[in-house]
Amino acid sequence: MNDAVTANRSENTRPEPARPEPARYDFAQAEPRWQSAWNTQGCFRAPDVPDGSKPKYYVLEMFPYPSGKIHMGHVRNYTLGDVVARYKRARGHQVMHPMGWDAFGLPAENAARERGVHPAKWTYQNIATMRAELQRMGLSLEWEREFATCDPSYYGQQQKLFLEFMKAGLAERKESWVNWDPVDNTVLANEQVIDGRGWRSGALVEKKKLSQWFLSITKFAPELLAGLDTLDRWPERVRLMQANWIGRSEGARVRFDLETPVDGLTQVEVFTTRPDTLFGMSFLAVAAEHPLAAAAAARNPRIAEFITEVRSLGTSEAAIEQAEKRGIDTGIRVKHPFNGQTYPVWIANFVLMEYGTGAIFGCPSGDQRDLDFARKYDLPVPPVVLPPGADPASFAIGDTAFTDDGTLFNSDFLDGKGTADGKRAAIDALEAQGAGQGVVNWRLRDWGVSRQRYWGCPIPVIHCDDCGAVPVPQDQLPVVLPEDVDFSKPGNPLDNHPTWKHVACPGCGKPARRETDTFDTFVDSSWYFARFTSPKAETPVVPAAANAWLPVDQYIGGIEHAILHLLYSRFFTRGLASMGHLKTPEPFAGLFTQGMVQHASYKSQDGRWLAPDEVEPTADGGAVETATGLSVTISRNDKMSKSKRNTIDPGSIIDRYGADTARWFILSDNPPDRDMEWTEAGASGAARFSQRLYRTTAGAVGSLPVPGTMPAEGVGRDLRRVTHRTIAAVTEALETFAFNVAVARIHEFANAIEAAGAEDGAARREALETMARLVGPMMPHLAEEMWSLLRPDEKTLVAQLAWPESDASLAAADSVTLAVQVLGKLRSTLAVPIGTDEATVFALAEADENVQRAIAGRPIRKRIHVPGRIVNFVV
RNA sequence: GCCCGUGUGGUGGAAUGGUAGACACGAACGACUCAAAAUCGUUUGCUUAACGGCAUGCCAGUUCGAGUCUGGCCACGGGUACCA
């Protein structure tokens with residue numbers, strides 16, 4: 001409001017200049033106009049089932065969490081997707097490009113606790129704000145398909161799917177550990193555990209065992225691994241990360257008899273990938289959650305204390321693995337299946353109960369972690385693998401374990417065998433004496449989907465003392481969240497609700513309790529892409545629509561989702577396929593992962609974070625705080641975050657420069673898979689370029705021949721060559737997500753059009769019309785404005801035009817510049833007509849003055865000629 | 001810790017194993033202007049008087065030729081199963 005008053009006053013006091021302003025593109029007026037033109041024409045509507053007249057193309061960006069306002073990461077993500085969507089439409093595809101909201105999650109509950117806003121109200125308000133912001137960006141989205149995962153019409157269908165997973169044997173109840181805050185009486189997410197303490201209460205975190213729902217993703221482990229080979233339009237690194245995460249490994253399970261049974265336990269089983277090194281054993285280590293650890297703790301308070309300490313690390317693998325490696329001897333001993341000797345059983349904080357059997361045998365000479373542990377606790381380090389060429393008499397392990405392949409020694413019947421033979425022989429021996437067997441182990445664990453939270457999809461199950469966990473009957477779905485919930489009490493508001501959970505058992509009618517856990521929000525995002533194909537259906541998906549549109553042809557989102565979201569979606573899709581909802585086993589045929597958006601952050605001398613508009617740049621590249629004039633510390637390349645106050649609000653950028661400029665800068669700055677830095681200078685540079693394109697077009701239209709005039713043979717040859725080369729180059733760049741290169745080629749094109757001048761009107765018209773169409777996917781509003789200047793009598797929209805074709809004969813060059821090297825160093829260049837024969841090229845190159853000086857009379861031993869590229873003389 | 005990436009001028013970056021720095025931002029100077037904004041032009045990796053030399057995180061290697069391929073380091077980023 002204050003801003004508007006100031007603006008009016010300054011307009012009144014400063015009169016308009018007398019001479020006319022040069023033509024200036026008024027984005028504020030033009031952008032809404034073109035957006036409404038696209039909507040009126042229905043440019044972005046896709047049929048429920050494509051009619052087959054055009055190939056289908058499903059473009060999808062990862063849907064946003066409605067956190068409040070859109071941020072630059074969203075602008076980048078949705079701009080990238082929009083370029084693809086618009087480009088594919090121009091290439092003749094039937095494109096579906098939907099948008100929705102990943103609307104359940106923790107921040108809404110945090111807002112409820114901190115500010116007393118109901119999560120639903122907070123979420124739907126955020127959605128309204130963010131939808132408006134996305135619409136201002138001019139994205140070619142089909143808003144008719146929009147939904148939020150917190151809509152009962154969505155999560156009710158998800159509940160149906162869960163019941164089908166149960167029926168198919170793909171959901172089960174198991175016990176698992178959670179982070180427990182004993183002061184707030186609440187389960188903590190890993191990110192809410194800071195240095196082993198609850199983020200709000202500061203209490204030391206405990207681990208607590210809860211009975212929870214799991215989806216059986218491990219049943220699909222072999223398929224999920226093998227399926228990666230079919231994803232040839234996924235980044236290699238994402239496939240690698242997923243393969244490592246699934247973690248197939250071949251090895252053995254080995255059973256060790258306890259020397260003396262403890263609490264009825266007589267054996268402990270370990271998993272190892274190196275059964276060949278069993279003779280290098282020094283100790284056996286179990287996880288703190290292992291039954292043997294519990295048995296040992298029951299007799300020794302020091303062990304119990306150690307286990308408590310280990311539990312205070314919480315459940316995050318990063319925290320556990322980075323903690324100092326520690327252990328405690330239980331006093332229990334086990335017998336070696338091969339040599340009959342006994343070894344101590346330790347409890348170690350780096351052994352994970354979730355992996356393998358929760359127990360390992362320690363071979364310090366062949367495993368670095370075991371070696372560090374053995375050195376720390378002074379355990380023996382018997383070497384058993386001899387590196388190639390080493391002397392068995394003198395070989396000893398220092399501080400580095402030998403983990404490569406070698407020859408076994410000190411290993412009884414395995415002596416002399418290589419690593420692979422040794423593994424096989426050890427497994428044969430284990431199987432022969434019934435002490436173990438060869439197995440394939442997977443790192444992947446089942447997917448725990450229970451969350452002790454309110455703002456999520458209720459798990460549609462009723463617990464009955466007599467009937468157990470009973471599915472909610474179909475006719476009682478959806479199980480809707482109660483609205484009257486109390487966030488002032490600690491714990492799960494659903495569980496605290498006075499009446500909601502009390503229901504009759506659908507099986508026997510006796511009083512029973514609703515499940516008060518809700519689903520992990522990754523469940524919501526594991527099938528939304530399928531729901532978009534039939535967003536209003538009374539079934540989760542309509543097979544005809546899903547099978548016609550899926551898989552997603554191009555999925556775009558952050559690299560941070562490389563494993564969890566993408567793997568869960570792949571699993572869920574396989575589940576849906578096995579239950580007949582759809583056919584494709586893989587949800588995303590093409591994947592592009594974008595980098596983050598960063599911005600410089602500023603810190604004052606007294607340590608306060610300053611927002612970008614609170615500082616001013618100085619001549620030396622530094623900055624000062626505007627209010628105080630004191631210099632500030634600048635840190636470049638910081639992830640945009642509220643805590644560092646370095647976020648740039650896309651809304652204010654669009655107000656200032658327009659949507660096209662924001663889109664153009666974000667595309668031009670760097671390759672989209674890298675992290676980018678938002679800079680003021682870059683944004684204003686992009687704004688200048690968009691004005692320049694408009695000016696060039698507006699300035700030329702008066703002198704152009706009528707539309708459709710073909711350039712005469714040979715006229716405007718140079719400009720036409722640039723035009724057709726640019727079409728080819730931009731097309732290639734868009735196909736490969738090299739959007740920053742497309743922008744560079746368009747800059748060069750603009751330079752060439754301006755340099756060409758006005759004389760060849762038809763070639764100039766061709767160039768300008770091509771320009772409007774090439775920038776169409778990137779700056780769609782400006783493209784329409786240019787097109788309407790160039791074709792004032794037509795009603796066609798760039799959004800409806802076909803992509804320009806490059807004429808190879810017009811794009812061809814007739815001469816080429818070769819680099820001439822002597823001993824690989826550049827000494828001269830040589831311009832020759834295309835197709836000059838090799839002998840002539842060598843003769844011309846050798847005659848060159850600089851080349852002669854470099855050769856310095858030495859005899860030429862070898863002549864290398866790569867046509868069109870280089871000549872190299874080896875002397 | 002483990003898995004996966006990234007590293008090129010003042011800045012963002014370009015470059016099928018073949019002229020490193022395209023294109024842009026910034027800066028400096030100039031034109032236009034009473035002045036400014038806008039716009040246009042010139043210069044701009046380091047070094048050298050010049051010839052030339054040195055330059056793609058660091059150290060090796062393969063090759064006629066390496067930013068690109070291989071090995072070993074360093075720094076930074078993503079993930080690490082309850083942030084989304």
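In what follows, every chain begins at residue 1, and chains take the letters A, B, ... in the order their sequences are listed. Treat the numbers as computed from the prediction; the structure is a model and nothing was measured. For the numbers below, each heavy atom of this structure counts, side chains included, while hydrogens, waters and symmetry mates do not.
Annotation: A:Glu849, atom CD; neighbour count of heavy atoms from other residues, nucleotides and ligands within 6.0 Å does not exceed 12.
Pairing for B:A35 is absent, judged as Watson-Crick or G-U wobble with the two contacts each under 3.5 Å. Within the shown strands, B:G30 is the pairing partner of B:C40 under the Watson-Crick or G-U definition, both distances less than 3.5 Å. Within the shown strands, B:C4 is the pairing partner of B:G77 under the Watson-Crick or G-U definition, both distances less than 3.5 Å. Searching all strands for a Watson-Crick or G-U wobble partner of B:C54 with both distances below 3.5 Å returns B:G45. Both distances falling under 3.5 Å, in either a Watson-Crick or a G-U wobble arrangement, occur for no nucleotide opposite B:C82. Pairing partner, B:G12: B:C23, with both Watson-Crick or wobble hydrogen-bond distances short of 3.5 Å. As the counterpart of B:C69, B:G61 is assigned, both hydrogen-bonding distances of the Watson-Crick or G-U wobble pattern falling under 3.5 Å.
Straight-line distance between the C1' atoms of B:U47 and B:G9: roughly 14 Å, to the nearest whole Å. Nucleotides B:U70 and B:U62, compared at atom C1', are 7 Å apart to the nearest Å. B:G79 and B:C25: their C1' atoms are spaced 33 Å apart (whole Å). With C1' as the reference atom, B:C46 and B:U8 are 14 Å apart, rounded to whole Å. Comparing B:A55 with B:G21, their C1' atoms are spaced 11 Å from each other, to the whole Å. Nucleotides B:U11 and B:A35, compared at atom P, are 36 Å apart to the nearest Å. Rounded to the nearest Å, the gap between the P atom of B:A24 and that of B:U63 is 40 Å.
Here the P atom of nucleotide B:U80 and the CD1 atom of A:Ile559 are 12 Å apart, to the nearest Å. The separation between A:Trp245 atom CH2 and B:C3 atom C1' is 9 Å, rounded to whole Å. Rounded to whole Å, atom P of B:U80 lies 14 Å from atom CG of A:Asn179. Rounding to whole angstrom units, CZ of residue A:Arg445 and C1' of B:C2 are separated by 14 Å. Distance, A:Glu321 CD to B:A81 P: 11 Å, rounded to whole Å. Rounded to whole angstrom, the span from the CD1 atom of A:Ile127 across to the C1' atom of B:A84 amounts to 15 Å.
Residue A:Arg443 has its side chain nearest to B:A81 when only B:G78, B:A81, B:A84 are considered. Ranking B:C4, B:A81, B:A84 by closeness to the A:Arg237 side chain, first place goes to B:C4. Taking every side-chain heavy atom of A:Arg695 into account, B:U39 is the closest of B:C82, B:U39, B:C64. Here the nucleotide nearest the side chain of A:Ile563, chosen from B:C4, B:G79, B:C40, is B:G79.
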Take A:Arg695 and A:Glu754 through the test salt bridge (charged side-chain N to carboxylate O under 4.0 Å, His left out) and record every step on the way to the result.
CA-CA 11 Å; A:Arg695 209 167 43 238; A:Glu754 283 163 23; over 6 Å; no

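At a threshold of 4.5 Å between non-hydrogen side-chain atoms, the residues A:Phe572 and A:Val523 count as touching. Annotation: side chain of A:Asp517 is in contact with side chain of A:Gln452 (closest heavy-atom distance under 4.5 Å).
Ion pairing of A:Arg200 with A:Asp184 is absent here, as no side-chain N (NZ or NE/NH1/NH2) approaches a carboxylate O to less than 4.0 Å. Salt bridge A:Lys376/A:Glu324: present, at least one basic N to carboxylate O contact under 4.0 Å. Remark: A:Glu289 does not engage A:Lys209 in a salt bridge, criterion side-chain N to carboxylate O under 4.0 Å. Remark: A:Arg445 does not engage A:Glu317 in a salt bridge, criterion side-chain N to carboxylate O under 4.0 Å.
Nearer the 5' end of RNA chain B, as judged by each residue's closest nucleotide, is the contact made by A:Gln322, out of A:Asp446 and A:Gln322. Residue A:Ser316 is the one, among A:Leu106 and A:Ser316, whose nearest nucleotide of RNA chain B lies closer to the 5' end (criterion: closest heavy atom).
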How does each nucleotide of nucleotides 18-26 of chain B score, in 5' to 3' order, for protein heavy atoms under 4.0 Å: base (B), sugar-phosphate only (S), or none (-)?
BB--BSSSS

In B/S/- notation, 5' to 3', how is nucleotides 48-54 of chain B contacted by protein heavy atoms closer than 4.0 Å?
---SSSS

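Syn is the conformation of B:G9, whose glycosidic angle sits no further than 90° from 0.
Side-chain N/O atoms of A:Arg674 include one lying less than 4.0 angstrom from OP1 or OP2 on B:G7. Between A:Asn190 and B:U80 there is no side-chain N or O to OP1 or OP2 distance below 4.0 Å.
In terms of heavy-atom proximity, A:Arg24 sits nearest to A:Tyr694 at C-CE2, 3.8 Å. What you find for A:Tyr155 and A:Pro458 is that their closest heavy atoms are CE1-CD, 3.8 Å. Considering every non-hydrogen atom in both A:Asn872 and A:Leu823, the closest pair reads OD1-N, 3.4 Å.
For A:Glu317 and B:C3, a side-chain-to-base donor-acceptor distance below 3.5 Å is absent, hydrogens and geometry of angles not being considered. Taking 3.5 Å as the limit, the base of B:C82 and the side chain of A:Arg453 contain a donor-acceptor pair of atoms between them.
Aromatic pair A:Phe665/A:Tyr657: ring centres not closer than 6.0 Å.
Residue contacts shown for A:Gln192 are absent, as no nucleic acid heavy atom lies under 4.0 Å away.
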